[in-house]
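Remarks on the structure that follows.
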Amino acid sequence: MTASSDTSRRGRPIFLVLALGWAALGIIGIEDGRTWYGAAGIGLGLLVGASYLWPDSTVARFMLAPLWRRKRPADR
């Protein structure tokens, strides 16, 4: 039995790498006694991981949007 393309769709692989990296930094922060840094790292890892698992979510669209939009020149 094969999965349909809708259920097997995942986000960009770099999001998975970033999620694991943030989670690892969060765990290291907690082990060093920096609870807030660790919680922030794990939270960012969860946020980026969610954008990998659900690429059509609002979080993923927000992360992929450009920071500055190029203004189109006015037609004169």
Side-chain angles (χ1 to χ4, degrees):
M1 183 163 78
T2 61
S4 68
S5 63
D6 292 337
T7 58
S8 65
R9 182 171 170 201
R10 296 287 184 226
R12 296 181 180 182
I14 189 68
F15 285 158
L16 180 62
V17 172
L18 289 173
L20 292 175
W22 278 116
L25 286 174
I27 291 171
I28 290 171
I30 288 175
E31 288 179 353
D32 285 344
R34 298 185 220 156
T35 307
W36 286 106
Y37 292 126
I42 291 175
L44 283 171
L46 289 173
L47 188 68
V48 175
S51 67
Y52 171 74
L53 292 175
W54 300 289
D56 295 331
S57 67
T58 305
V59 173
R61 283 184 280 155
F62 178 76
M63 288 176 59
L64 292 173
L67 293 176
W68 294 279
R69 297 189 188 272
R70 184 185 310 180
K71 292 184 179 181
R72 295 183 182 171
D75 293 335
R76 291 188 180 208

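Using a 4.5 Å cut-off between side-chain heavy atoms of Ile, Leu, Val, Met, Phe, Trp and Tyr, with links allowed through other members, L20 and I14 fall into the same hydrophobic cluster. A continuous path of hydrophobic side-chain contacts links L64 to Y52 [ILVMFWY only; heavy atoms under 4.5 Å]. One hydrophobic cluster, built from ILVMFWY side chains closer than 4.5 Å, holds both L18 and V59. Cluster membership check: Y37 does not share its hydrophobic cluster with W22, using side-chain heavy-atom separations under 4.5 Å among Ile, Leu, Val, Met, Phe, Trp and Tyr. No chain of hydrophobic side-chain contacts below 4.5 Å, direct or via other Ile, Leu, Val, Met, Phe, Trp or Tyr residues, connects M63 to L46.
The two residues A19 and G45 make their nearest non-hydrogen contact at CB-O, 3.4 Å.
The CD1 atom of I42 lies 3.5 Å from the CD1 atom of I30; values are rounded to the nearest 0.5 Å.
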Given L16 and R10, is the side-chain contact (heavy atoms from CB on, under 4.5 Å) satisfied, shown in steps?
CA-CA 10 Å; L16 180 62; R10 296 287 184 226; over 6 Å; no
